[in-house]
Structures are given as C-alpha cells and as structure tokens.
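Values in this document were obtained by computation on a predicted structure and should not be read as measured data. Positions are given from 1 along the sequence.
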Amino acid sequence: MKKLLIQGIHFIGLSGIGWILDFFVYTGLNLISADLVKNNVISSWVGVTFVFFFATRKVFQNHSKIPLKYKYLVYIFYQCILIFFISKLLGVINTVIVKNFEIALILSFSSLLSKILVTPITMILNFFVMKGIVEKL
C-alpha cells in the first residue's frame, strides 16, 4: 500500500506538469477555435505523451520483456478512447455552465472551467491504467 501511495504522489506531480502543458495548449487552441472536443483531443496528446515518457522512467517499473514502445501504443489506444469520452463530457459540462450561469466572468471562462472539472477523473483513471500497462503487461 505504501508503494502505491508513493507512486500515486509521484504520478500526480508528473501529471500536474503534463496537465499544465495540456492546459496551455488547450487555452491557446480555444483562442483560435470554438470546437472544445477538437481542442481537447489535440491538447491532451501533449500531456499524455509527457506523462507516459516520464512516468515510465520515474514512477513505474517495467520488468517485462515487452518494450515500452508497444506499451505506449496500448496506452495511446486507451487514451484515444478516454479522450473521446472526456472531450464529450467536457462539452456537456461547458453547456451546463453556459446555460445555468449568468455571471459574465464564468461564461467567458466556461471552457477552461470545464477542463479543470474533468481533470481529476482523467488523472485517477490514467494512474491505474498506466500502472497496469507498465507493471502488469
């Protein structure tokens, strides 16, 4: 349990850096495109790739004979599915914010607020999936 907790803390740190990269790309894309799903898909790849390459070297131990490049392909496939569904959720959350809030400040940042709200879900899922792929596969 202690090892899992330590890995979780390290993963959250790396994921935080990946999220910051993702968030800045997402914010930049929102300035040129209103398509939240497309923007999230593109920006997520930056964070996902950063986290995978650093987590496989700093957090998780790869003791199997399967090379990391194949595990990365499995992780990317998982991410394609996750990013698709999270991007749809992002759109739904953004719509709820826009429809239910009249405060101009909240409305102008609804896409960013939506991104912040879905982040804990993706971090938790990514930790357990990545642990499984790297250490168990």
Side-chain angles (χ1 to χ4, degrees):
M1 186 65 172
K2 182 179 176 182
K3 179 184 175 187
L4 183 66
L5 183 61
I6 290 170
Q7 282 182 323
I9 291 168
H10 289 143
F11 187 81
I12 288 170
L14 285 173
S15 291
I17 295 168
W19 185 82
I20 290 169
L21 294 170
D22 177 354
F23 188 78
F24 279 113
V25 172
Y26 178 77
T27 303
L29 290 171
N30 281 333
L31 296 174
I32 58 175
S33 170
D35 187 343
L36 297 182
V37 173
K38 180 180 77 173
N39 295 348
N40 190 58
V41 168
I42 293 169
S43 69
S44 293
W45 291 111
V46 175
V48 165
T49 301
F50 172 85
V51 171
F52 183 85
F53 285 110
F54 280 93
T56 54
R57 286 159 181 78
K58 304 289 183 187
V59 178
F60 303 112
Q61 302 299 315
N62 181 22
H63 296 297
S64 73
K65 294 181 183 193
I66 299 173
L68 280 177
K69 64 182 176 183
Y70 297 122
K71 292 181 179 191
Y72 179 68
L73 291 175
V74 172
Y75 189 65
I76 290 297
F77 177 72
Y78 152 75
Q79 284 295 333
C80 287
I81 295 166
L82 178 66
I83 290 168
F84 174 78
F85 286 109
I86 290 297
S87 296
K88 294 294 185 182
L89 178 60
L90 190 69
V92 169
I93 291 171
N94 186 61
T95 301
V96 168
I97 291 170
V98 169
K99 286 184 178 180
N100 293 306
F101 289 93
E102 295 180 15
I103 302 169
L105 185 62
I106 292 176
L107 292 175
S108 63
F109 292 104
S110 65
S111 63
L112 301 178
L113 182 58
S114 301
K115 180 78 168 174
I116 291 167
L117 292 173
V118 300
T119 296
I121 298 167
T122 59
M123 277 190 178
I124 292 167
L125 290 171
N126 287 343
F127 173 76
F128 287 108
V129 169
M130 190 169 204
K131 181 174 179 56
I133 289 171
V134 175
E135 293 188 343
K136 309 283 188 228
L137 186 67

Residues in ring-ring contact (aromatic ring centres under 6.0 Å, His included) with Y78, at least two apart? Y75

List in chain and number order the residues that pass ring-ring contact (aromatic ring centres under 6.0 Å, His included) with F50, two or more places apart in sequence or in another chain; answer none if no residue qualifies. F54

Indicate if V51 and L125 have the same hydrophobic cluster label, given that clusters are the connected sets of ILVMFWY residues with side-chain heavy-atom separations under 4.5 angstrom. yes

Inter-residue atom distance I133.CD1 - S64.OG, 0.5 Å rounding: 11.5 Å

Salt bridge (Lys or Arg N to Asp or Glu O under 4.0 Å): pairs with one or both residues in residues 11-24, sequence neighbours excluded: D22-K115

Residue set satisfying side-chain contact (heavy atoms from CB on, under 4.5 Å) with K38, at least two apart, ordered chain then number -> S33, D35, I42

With rounding to the nearest 0.5 angstrom, report the OG1 to CD distance, T49 to Q79. 8.5 Å

Quick one: side-chain contact (heavy atoms from CB on, under 4.5 Å) partners of I93, sequence neighbours excluded? L89, I97, S114, L117, V118

What salt bridge (Lys or Arg N to Asp or Glu O under 4.0 Å) pairs are there with at least one residue in residues 8-18, not counting sequence neighbours? none

Membership question, hydrophobic clusters at under 4.5 Å side-chain separation (ILVMFWY): are I12 and V46 in the same one? no

Please name all residues satisfying side-chain contact (heavy atoms from CB on, under 4.5 Å) with P67, sequence neighbours left out, ordered by chain then number. K69, Y70

Who else is in the cluster with F84 when I, L, V, M, F, W and Y are joined by side-chain contacts under 4.5 Å? F77, I81, F85

Quick check: is L82 connected to V92 through a chain of hydrophobic side chains (ILVMFWY, heavy atoms under 4.5 Å apart)? no

Holding to side-chain contact (heavy atoms from CB on, under 4.5 Å), I want the full list of residues that pass it with I20, two or more places apart in sequence or in another chain. F24

Any chance you could measure K2, atom NZ, to Q7, atom CD, to the nearest 0.5 Å? 13.0 Å

Connected hydrophobic set around I9, excluding itself, where side chains approach under 4.5 Å: L5

Hey, are K71 and T56 close enough side-chain-wise for a donor-acceptor pair under 3.5 Å? no

I need the S44 OG to L21 CG distance, nearest 0.5 Å. 12.0 Å

Joint cluster assignment, L4 & I6, ILVMFWY side-chain distance < 4.5 Å: no

Can you tell me how far apart CG (N126) and CD1 (I121) are? Round to the nearest 0.5 Å. 11.5 Å

State which residues pass ring-ring contact (aromatic ring centres under 6.0 Å, His included) with F53; sequence neighbours excluded, sorted by chain then number. Y72

Taking the side chain as every heavy atom from C-beta outward, state whether W19 and S43 have any pair of such atoms under 4.5 Å apart. no

For F127, give me all partners under ring-ring contact (aromatic ring centres under 6.0 Å, His included), at least two apart in sequence or on another chain. F11, F60

Are V41 and F23 joined in one hydrophobic group, where the rule is that I, L, V, M, F, W and Y side chains link up if heavy atoms are under 4.5 Å apart? yes

For L14 against V59, the heavy-atom pair lying closest together: CD1-CG2, 3.6 Å

Take T122 and I83 through the test side chain to side chain contact (heavy atoms under 4.5 Å, CB included) and record every step on the way to the result. CA-CA 9 Å; T122 59; I83 290 168; over 6 Å; no

Let me see the working for E135 and Q61 under side chain to side chain contact (heavy atoms under 4.5 Å, CB included), right down to the final yes or no. CA-CA 6 Å; E135 293 188 343; Q61 302 299 315; 4.3 Å; yes

